[in-house]
Amino acid sequence: MSPTEGGEIRHERTGLVFRPGLEGVPATQSSICDIDGQKGLLSYRGYPVDVLASHCSFLETTYLLIWGELPNPQQLRDFEQEVQMHRRVSFRVRDMMKCFPSDGHPMDALQSSAASLGLFYSRRAIDDPQYIYDAVVRLIAKIPTMVAAFQLIRKGQDPIQPRDDLAYSANFLYMLMEREPDPLASRIFDRCLILHAEHSLNASTFSARVTASTLTDPYAVVASAVGTLAGPLHGGANEDVLAMLDEIGTADRAADYLDAAIASKRKVMGFGHREYRVKDPRAVILQALAEELFARFGHDEMYDVARALEAAAERRLGPKGIFPNVDFYSGLVYRKLGIPRDLFTPVFAIARVAGWLAHWREQLGANRIFRPSQIYTGCSMRQWSPLEDRLPSAST
Ligand code: ACO
């Protein structure tokens with residue numbers, strides 16, 4: 001084994017080259033999302049994300065991601081209506097959620113509930129466009145209902161039913177908070193969903209595509225992606241950012257915190273991205289959305305801490321190309337909207353299900369099962385010995 005430039009490892013016997021984290025290794029072709037990490041540009045199906053976030057709804061963006069074109073008025077009305085009709089979840093799913101431990105993480109509850117849909121819709125006909133459409137509608141419709149249901153169930157309450165007169169985002173906030181949200185809050189939440197809807201071959205989307213490539217059902221595809229999104233290096237970072245800002249406490253302590261984190265080689269949550277060498281364009285928009293919320297509903301002092309940390313990080317981490325990512329300001333937006341901290345990542349999943357389903361559909365269109373190779377680093381040709389002759393090994 002010999003290390004080469006860029007952290008690659010070359011296997012001498014086979015000549016195979018291993019790149020940890022598959023950095024820079026294209027694992028698929030895709031026409032869904034494009035990122036220019038040097039310029040900080042992000043587009044879905046060729047449309048800049050800031051344009052979509054300013055002019056479209058989340059369901060309109062979902063339609064674009066999954067079917068490749070923006071819907072016309074009739075297509076959008078039909079899609080919205082179908083989604084609205086499928087928002088309810090079976091009482092069996094709700095009963096199952098009532099058996100979950102109330103102190104369990106909502107991402108685990110979501111992963112289990114998403115997987116359970118495969119039991120209720122067990123027909124698997126992935127060659128049938130109607131099956132694909134129905135599965136998309138069901139998942140887009142039911143994931144928010146399941147997130148809101150677990151929130152009420154763990155508080156010892158019964159989930160409330162979706163309201164047909166409310167649009168997608170307003171209905172989710174209503175089911176979660178049990179009161180009709182302010183229209184500005186709903187619109188800002190909808191824009192957050194657009195910003196989180198898709199981001200090329202990130203860890204959870206890769207997980208979704210690998211699962212999809214086995215031709216399993218879309219509920220298993222989404223459940224595997226939810227499990228991957230939950231990790232603190234991926235979607236789970238939004239929750240950890242607020243814990244970090246809490247720990248820092250006040251803006252004047254941000255620079256010292258950063259110095260200590262760098263000195264002890266601890267990652268600063270909400271910073272850094274494999275793709276971007278500049279500030280994540282979504283973080284730029286989320287920061288503006290946070291300011292819009294603060295102007296309307298009151299300032300949050302945690303924002304001052306965040307800005308002080310960003311300023312300090314620009315000096316210390318900026319030269320390495322490490323800047324705020326999507327998770328840095330999203331938590332401040334969600335906190336102002338009244339969303340509990342451990343629901344930040346499930347909210348991310350509500351949005352990202354659109355991207356996962358777009359990749360599911362794309363994967364099915366030109367499928368070949370994922371089966372990469374590995375470089376074996378274990379022992380070879382060892383001598384077997386009978387049980388009674390074996391000494392305790394160093395690893396136990
Ligand atoms: N804080 C401090 N240093 C960092 C950070 C950070 N947040 N991110 C990267 N670095 C440094 C590393 O220490 C490393 O430095 P070195 O070369 O001196 O050893 C270098 O930058 C490269 O870091 P890697 O971890 O190898 O970068 P990678 O591309 O593998 O990881 C990741 C990207 C996981 C996002 C990383 O930046 C990180 O852990 N960030 C914090 C967690 C986070 O915010 N995750 C959310 C990402 S966005 C999303 O998934 C939705």
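Numbering of ligands and ligand atoms starts at 1, following listing order. Computed over heavy atoms, backbone and side chain alike; hydrogens, waters and symmetry mates excluded.
- Note: Phe172 and Phe189 have parallel aromatic rings, judged against thresholds of 30 and 60 degrees for the angle between ring planes.
- In this structure, a donor-acceptor pair under 3.5 Å is present between the side chains of Gln157 and Glu178.
- Of the protein's heavy atoms, Val268 N, 2.9 Å lies nearest to atom 1 (N) of ligand 1.
- For atom 29 (O) of ligand 1, the closest non-hydrogen atom on the protein side is Arg274 NE, 2.7 Å.
- Side-chain N/O atoms of Asp304 and His299 include a donor and acceptor closer than 3.5 Å.
- Taking the ring axis of Tyr168 as reference, the NZ or CZ atom of Arg87 does not stay both within 45° of it and closer than 6.0 Å to the ring centre.
- Residue-ligand proximity, Gly270 to ligand 1, at heavy-atom distances under 4.0 Å covers atoms 43 (C), 44 (O).
- Contact annotation for atom 44 (O) of ligand 1: protein present (non-hydrogen atoms, distance under 4.0 Å).
- Atoms of ligand 1 found under 4.0 Å from any heavy atom of Ala237, numbered from 1 in the order shown, are 43 (C), 44 (O), 45 (N), 46 (C).
- At a heavy-atom cutoff of 4.0 Å, ligand 1 is contacted by no atom of Asp280, backbone or side chain.
- Annotation: atom 15 (O) of ligand 1 to nearest protein heavy atom, Lys320 NZ, 3.0 Å.
- By the 4.0 Å N-to-carboxylate-O rule, Glu314 lies too far from Lys279 to be salt-bridged with it.
- At a distance under 4.0 Å, a protein heavy atom can be found next to atom 11 (C) of ligand 1.
- Note on ring orientation: taking the six-membered ring where Trp is involved, the planes of Phe79 and Tyr63 are perpendicular (angle over 60°, cut-offs 30° and 60°).
- For atom 46 (C) of ligand 1, the nearest protein heavy atom (residue, atom name, distance) is Asp327 OD2, 3.3 Å.
- Of the protein's non-hydrogen atoms, Gly272 O, 3.6 Å is the one closest to atom 35 (C) of ligand 1.
- Of the heavy atoms in Phe328, none comes closer than 4.0 Å to ligand 1.
- If you look at Leu233 next to ligand 1, the close heavy atoms, those under 4.0 Å, come from the backbone and the side chain alike.
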Table please: side-chain donor-acceptor pairs of residues 114-127 below 3.5 Å, with sequence neighbours left out.
from, atom 1, to, atom 2, distance (Å)
Ser116, OG, Ser113, O, 2.7
Arg123, NH2, Asp128, OD2, 3.0

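- Counting protein heavy atoms only, atom 42 (C) of ligand 1 is closest to Met269 CE, 3.6 Å.
- Ser213 and Arg368 share no side-chain donor-acceptor pair at under 3.5 Å.
- At a 4.0 Å cut-off, not a single heavy atom of Gly21 sits close enough to ligand 1 to count as contact.
- Per-atom contact check: atom 18 (O) of ligand 1 touches the protein, criterion being a heavy-atom distance below 4.0 Å.
- The aromatic rings of Trp67 and Tyr133 sit tilted, their planes meeting at an angle between 30° and 60°.
- The nearest non-hydrogen atom to atom 8 (N) of ligand 1, considering only Lys267, Met244, Arg266, comes from Lys267.
- Lys98 pairs by the salt bridge (Lys or Arg N to Asp or Glu O under 4.0 Å) definition with Asp95, Asp158, not counting sequence neighbours.
- For atom 40 (N) of ligand 1, the nearest non-hydrogen atom of the protein is Phe271 O, 2.9 Å.
- Summary of contacts: the protein heavy atom closest to atom 3 (N) of ligand 1 is Ile322 CD1, 4.0 Å.
- Taking every non-hydrogen atom of Phe348 and a distance limit under 4.0 Å, the qualifying atoms of ligand 1 come out as 51 (C).
- The pair Arg88-Asp164 meets the salt-bridge criterion, since a charged nitrogen lies less than 4.0 angstrom from a carboxylate oxygen.
- The aromatic rings of Phe294 and Tyr303 are tilted relative to each other, their planes meeting at an angle between 30° and 60°.
- Per-residue contacts place Val326 under 4.0 angstrom from the following atoms of ligand 1 (heavy atoms of the residue considered): 51 (C).
- Under 4.0 angstrom from ligand 1, there are no non-hydrogen atoms of Asn202.
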